[in-house]
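In listed order, ligands and their atoms are each counted from 1. Counting begins at 1 with the first residue of the sequence. Excluded from the calculations below are hydrogen atoms, water molecules and symmetry mates; all remaining heavy atoms, backbone and side chain alike, are included.
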Amino acid sequence: MDIQVTLTTTPKQKPAQDKLKFGHNFTDHMFLMNYEAGKGWHNPRIVPYGPIPMDPSSSCFHYAQEIFEGMKAYRTADGKIQFFRPEENFKRLNSSCERLVIPKLDEALLLEGLKKLVEIDKDWVPDAPASLYIRPFVIANQEVLGVHPSVNYLYCVILSPSGAYYASGLAPVKIYVETRYVRASKGGMGACKTGGNYAASLIAQEEAERQGYSQVLWLDGVERKYVEEVGAMNVFFKIGDEIVTPELDGSILPGITRKSVIQLLKSWNMNVTERKLSVEELETAAKNGTLKEAFGTGTAAVISPIGELKVGDTVTVINNNEIGELSQKLYNTLTDIQWSRIPDPFGWITPCC
Ligand code: PLP
Ligand code: COI
């Protein structure tokens with residue numbers, strides 16, 4: 001399929017590199033493609049960034065039939081632009097589509113479109129440690145109020161030159177175990193990147209911030225016994241010599257950083273396991289001193305060390321509230337690969353331009 005390009009005639013002023021926040025600025029162009037029953041996905045195009053006309057009856061506004069992705073483009077020291085495992089994001093986009101009954105997209109075309117879009121806006125890709133956050137999404141836009149899968153969709157990609165997700169950078173964060181609210185439940189949509197999961201999480205996030213915490217540790221929605229994710233990240237704990245991350249059971253988002261961390265740990269011959277981890281086990285490890293490190297993983301923050309964990313009324317300080325050796329090593333290795341400061345033995349880097 002040919003990708004039509006319409007360039008802007010009014011390019012915007014780029015923000016100062018040292019003032020970049022996460023997701024506040026957007027580049028000059030965006031990618032669009034439509035779906036219509038009978039016609040399939042068609043009209044892939046790059047157009048000037050701007051508002052999307054939407055009818056107020058569009059189904060995504062009412063029944064949240066929408067999905068999204070999040071990945072980054074990096075500018076290397078020699079000025080080249082590259083992606084980190086974008087094929088994984090497009091694969092996950094299609095698996096989210098499947099769960100929300102959205103027609104699947106051609107992953108090769110999505111990658112081609114992304115490369116073309118980023119190439120057009122390549123001057124917007126900041127230098128390290130900032131990067132270009134990429135947000136592809138699909139919204140249902142049939143103009144009807146009945147509850148059923150839409151017959152029309154819009155695929156869109158926007159680009160945001162971004163600094164650190166957490167103002168504190170790699171500094172350890174304080175989290176508590178959330179026992180009242182649930183993010184996702186087995187059989188639900190937890191394994192998908194869809195807005196509803198994030199809407200469900202906001203109240204807990206707000207309460208955590210009110211109490212002086214930055215994130216919550218989500219438990220499973222059925223027994224409220226097993227650890228699932230931390231905020232909008234996957235979570236790892238180093239207990240003794242074992243590095244544990246909750247197994248993917250349908251309610252956890254299969255993070256690409258999580259997958260990369262597991263691959264890295266295995267390549268270092270470390271003992272990494274994907275299994276059920278109960279809060280009780282975590283509490284015991286915290287009490288007997290075997291809880292050595294804890295960290296979240298995600299595209300935005302890469303590695304986010306956990307310095308303080310509150311379980312019930314007990315507050316445990318992890319690794320003296322300092323960045324653990326393992327968290328630091330994982331952060332350094334992942335970001336060094338992302339910016340090609342070290343070789344990439346895993347084939348994780350996809351060149352753009
Ligand atoms: N879990 C949730 C709920 C997320 O939103 C994210 C972020 O994208 C992750 C985990 C981490 O996924 P990834 O490493 O692919 O960014
Ligand atoms: C992540 O990339 O780690 C995220 O959680 C992205 C967030 C903005 C949804």
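- Side chains of T76 and Q82: a donor-acceptor N/O pair is absent below 3.5 angstrom, by distance only.
- The CZ atom of R92 sits 12.5 Å away from the CD atom of E107 when rounded to the nearest 0.5 Å.
- The residue M71 has no part lying near ligand 1, judged by heavy-atom distances below 4.0 Å.
- Interface of G255 with ligand 1, defined as ligand atoms under 4.0 Å from a residue heavy atom, comprises 12 (O), 13 (P), 14 (O), 15 (O).
- A donor-acceptor contact under 3.5 angstrom links the side chains of S327 and E293, judged on distance only.
- Annotation: the span from I46 atom CD1 to K116 atom NZ amounts to 6.0 Å, rounded to 0.5 Å.
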Q: Take N94 and E98, measure what side-chain hydrogen bond (donor to acceptor under 3.5 Å, both in side chains) needs, and give me the verdict at the end.
A: CA-CA 6 Å; N94 265 338; E98 201 169 323; over 6 Å; no

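- Taken from CG in N152 to CD in E143, the straight-line distance is 7.5 Å, to the nearest 0.5 Å.
- Follow the hydrophobic side-chain contacts under 4.5 Å out from M1 and you reach L117 in the same cluster.
- Considering N234, V261, T299 only, the shortest heavy-atom separation from atom 16 (O) of ligand 1 involves T299.
- Taking every non-hydrogen atom of A300 and a distance limit under 4.0 Å, the qualifying atoms of ligand 2 come out as 1 (C), 2 (O), 3 (O).
- Within the 3.5 Å criterion, the main-chain N or O of T245 finds no donor-acceptor partner in the side chain of R275.
- Under a 4.0 Å criterion applied to the non-hydrogen atoms of T297, ligand 1 contributes the atoms 11 (C).
- Taking a cut-off of under 4.0 Å to the non-hydrogen atoms of G298, the atoms of ligand 2 that pass are 3 (O).
- Nearest protein heavy-atom contact of atom 14 (O) of ligand 1 is T257 OG1, 2.6 Å.
- Listed by number with element, the atoms of ligand 2 under 4.0 Å from a non-hydrogen atom of A232 are 3 (O), 4 (C), 5 (O).
- With rounding to the nearest 0.5 Å, the separation of CG in L330 from CD1 in I303 is 5.0 Å.
- Close contacts between ligand 1 and R92 involve ligand atoms 12 (O), 13 (P), 15 (O) [criterion: under 4.0 Å to a heavy atom].
- When each atom of ligand 1 is checked for a heavy atom of Y198 under 4.0 Å away, the hits are 2 (C), 3 (C), 4 (C), 5 (O).
- Using a 4.0 Å heavy-atom cutoff, E88 is absent from the residues neighbouring ligand 1.
- Between atom 3 (O) of ligand 2 and the options T299, V302, T297, L253, the minimum heavy-atom separation is to T299.
- Between the side chain of E112 and the backbone N or O of L114, no donor-acceptor pair lies under 3.5 Å.
- Contact analysis leaves K259 out of contact with ligand 1, as no non-hydrogen atom separation drops below 4.0 angstrom.
- Using a 4.0 Å cut-off to heavy atoms of K193, the atoms of ligand 1 that qualify are 4 (C), 5 (O), 6 (C), 7 (C), 8 (O).
- With respect to atom 4 (C) of ligand 1, the closest heavy atom belonging to the protein is A232 O, 3.0 Å.
- Looking only at heavy atoms of the protein, atom 7 (C) of ligand 2 is closest to Y165 OH, 4.1 Å.
- Among all protein heavy atoms, the one lying closest to atom 6 (C) of ligand 2 is Y133 OH, 3.8 Å.
- With a 4.0 Å cut-off on non-hydrogen atoms, I252 does not touch ligand 1 at all.
- Counting non-hydrogen atoms of neighbouring residues, nucleotides and ligands closer than 6.0 angstrom, the NZ atom of K21 reaches no more than 12 such neighbours.
- Classification of the Y153-W41 ring pair by plane angle, with boundaries at 30° and 60°, yields tilted.
- At least one N/O-N/O distance between I256 and ligand 1 falls below 3.5 Å.
- Of the protein's non-hydrogen atoms, the one nearest atom 10 (C) of ligand 1 is E229 OE1, 3.3 Å.
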